[in-house]
Amino acid sequence: MIKCENLQKTYPLKKGQGYQALSGIDLEIGRGEFAAVTGPSGCGKSTLLNILGLLDNPDGGRYLLEGRDVSRFDDAERSDLRLRTVGFVFQSFNLLPRFSAAENVRLPMLYRGVPKEEAAERARALLEKVGLKGKADNTPLELSGGERQRVGIARALANDPVLLLADEPTGNLDSRTGLEVMDLLRSLNAAGLTILMVTHDLNLARAAGRTIKVRDGRIEP
Amino acid sequence: MRFSEAVRTGTLEIFSHKMRSFLTFFSISIGVISIMYSLTLIYAMTSRTKKALEVAGPGRMTVEMKRNGGSDSALDAKEAKSVITLEDALAVRSEFPGLYMVSPGLKKWVELSHGQFSDEKVVEGITTEWKKRGWVYKLRGRFLNQHDLDTYARVCVLIEDGGWMKKPKWYKFYGWRDKFQDYIKHNDMLGQTIRLGNNLYTVVGILREPPAEKNPKYFMGVSNWDPSLLVPITTSQRFLNGWAWSSGGVDDITIDTGKEATIGAYKRKVDKFIKARHGGRIRFEIKDYREIIKERLADKQRDMYTVLIIGAIAILAGGIGIMNVTLATIYSRIKEIGIRRAIGASRGDIMTQFIIEAMLIGFFGGVAGILLGMAGIQYLASKGDTDMMLLQWWMPFAAIVVAVLTGFLASLYPAYQASRLDPVEALRYE
Ligand SMILES: Nc1ncnc2c1ncn2[C@@H]1O[C@H](COP(=O)(O)OP(=O)(O)O)[C@@H](O)[C@H]1O
Ligand SMILES: [Mg+2]
């Protein structure tokens, strides 16, 4: 489902110079896999996830998503594909603070043009699915960390993505709620969702089916 | 759909920054108020011009002396001793039989008395041509005739105020009262003898003006020099004592060609003819009716431009305010933009959102301006400002459109900037 060949990414620094965050990533991930991405801070994990999630373009190499080369897509094409196929989960949740849980979950559907009522209904169903029945009208400030991350996950699922990308989803949670979130992700994976999760927690990494180790912009064998 | 969501986001954003939004509303409101005010003035001016032209007909022009200024290159002011005379008018009349009307006028400010009553009034000397002015009066008794003119008869016709078909509220409080009009209303003057200056005159007729709503005088604005009495112009020249503009001749000759097409040609011919009669030693001008109306409305036009400029500046300030607010919100919402991009928003989505937000600010400011402006205009109208009574229903709409359009234009650049933010960078922003 995902196939990367020699992916490269260089961040421009001062005149002419650049920092090579990814220096040749070769990676293949099959449908339905649950892979944990580990590695020291600054090794390029987030950069990789951003490219896989179509937030960013690689400078070199190829990225095939479901057989299509998307590495040269322009911003509009990437936005559209991202909207339909990818869900992001963040370490710091990244919910919109002035909107209720349900409104946060509804938002990606509205960008896809789903009618408002239908979107609202589905948002409630998703919140129930992640165990937040009865909290749909709470704003993020009225929710605990674990609950916020569940909202984040529900939002990532809004448009029925084929790929879920989670960048340290338990990084801001205590270990018990971290495990609960991990359980939720595993049940989603069991239902067929492909998941890539960055984590520093080796226990969580082990709980995923596969571990991908990144070091200095490369994948360790 | 996305539109209503953007409206919701925008409203949340606007009301969570009350002071910032208020300041922007404020200048937009001022802009909207002055736009409405100017629109009303423009509307009033054009409708007055139209009505005045309708009533007078398009073939009118006036021959009069150049009062001041306006240098005549061919002629030194001291050299030009001649004035327009009654004889000029009569000569024009017989030279150009095709003209519908050639009506000379000579106004004097005269002492008037009848029994205990006395007042100072404008008395206009006229010929029988005056009747052709076409303004609908009701006549009791008889009008001045050629015999009166030929014999320097001391007779006069009174002009009675037409009143109102439906008296407006403001008139009761702010309308002026004319003692002379009051007097002739309560005393039947027909056939009576009154004193004008040093002589006695017989009132042979009373002309009643049309009601104010139908009176072209009111479309043009009432002047102090509108006559209250008419006498034969020959009598006025020979006997009537009173202060006049004209020294020896007449004030003006009002000519009506009968139709608009010939007005240009007659203007040139009459000009040449009168110049020739005075051997070129005369400084006069011929103005057609459009020019006269324009001149009378010139003050209002100046007012209007002033207000319009103030409005434009206020709208511009409001626009800059909106641009500033939009830029400021963008900087404080970079993270939000990143999140929205990450969950699938395109550049267009982001741009739309900020544009709609700015248009909302324009809209709310516009509505506030309309409420204030309508209240102000109603107030002026209730105080007797006849221009402000002409506020039309579409003017607030036009003002709102301008306000919303200002929001739209002012937000284009900031919204474009927002849409160009790199989603990854925006997401990393704290
Ligand atoms: N926008 C950027 N400009 C310059 N350097 C960057 C930028 N983003 C990330 N980097 C650098 O690229 C490297 C990889 O970053 P990242 O993928 O975020 O690492 P991590 O594995 O911790 O998620 C880091 O050294 C970081 O400093
Ligand atoms: Mg990272």
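So you know, we letter chains A, B, ... as the sequences are listed, proteins then strands, and number each from 1.
Closest approach of Leu95(A) to Ile339(B), counting heavy atoms only: O-CD1, 4.3 Å. Here the shortest heavy-atom pairing between Asp75(A) and Arg341(B) reads OD1-NH2, 2.6 Å. Here the shortest heavy-atom pairing between Phe88(A) and Ala342(B) reads CD1-O, 3.6 Å. Shown here for Ser4(B) and Lys116(A), the closest heavy-atom pair between the two residues is OG-NZ, 3.2 Å. Among all heavy-atom pairs drawn from Lys335(B) and Ser92(A), the shortest one is NZ-OG, 4.5 Å.
Rounded to the nearest 0.5 Å, atoms CD (Glu336(B)) and CZ (Arg98(A)) are 7.5 Å apart. Note that CG of Asn159(A) is 9.0 Å distant from CD1 of Ile343(B), once rounded to the nearest 0.5 Å. Rounding to the nearest 0.5 Å gives a distance of 9.0 Å between OG of Ser346(B) and CZ of Arg82(A). Atom-to-atom distance recorded for Tyr11(A):OH and Glu425(B):CD is 8.0 Å, nearest 0.5 angstrom.
Heavy atoms from other residues, nucleotides or ligands lying under 6.0 Å from CD of Gln20(A) number more than 12. Counting non-hydrogen atoms of neighbouring residues, nucleotides and ligands closer than 6.0 angstrom, the CZ atom of Arg72(A) exceeds 12 such neighbours. In Met1(A), the CE atom is crowded: over 12 heavy atoms of neighbouring residues, nucleotides or ligands sit closer than 6.0 Å. Heavy atoms from other residues, nucleotides or ligands lying under 6.0 Å from CZ of Phe99(A) number more than 12. The environment of Phe90(A) atom CZ is dense: over 12 non-hydrogen atoms of other residues, nucleotides or ligands sit within 6.0 angstrom. A 6.0 Å sphere centred on CG of Asp422(B) holds more than 12 heavy atoms belonging to other residues, nucleotides or ligands.
For Arg428(B), no part lies near chain A; criterion is any non-hydrogen pair under 4.5 Å. At a 4.5 Å heavy-atom cutoff, the contact between Arg155(A) and chain B is made by side-chain atoms alone. At a 4.5 Å heavy-atom cutoff, Arg84(A) makes no contact with chain B through either its backbone or its side chain. Using a 4.5 Å cut-off between heavy atoms, Asn94(A) touches chain B through backbone and side chain atoms alike.
Judged purely by distance below 3.5 Å, without hydrogens or angles, the side chains of Ser79(A) and Arg347(B) never pair a donor atom with an acceptor atom.
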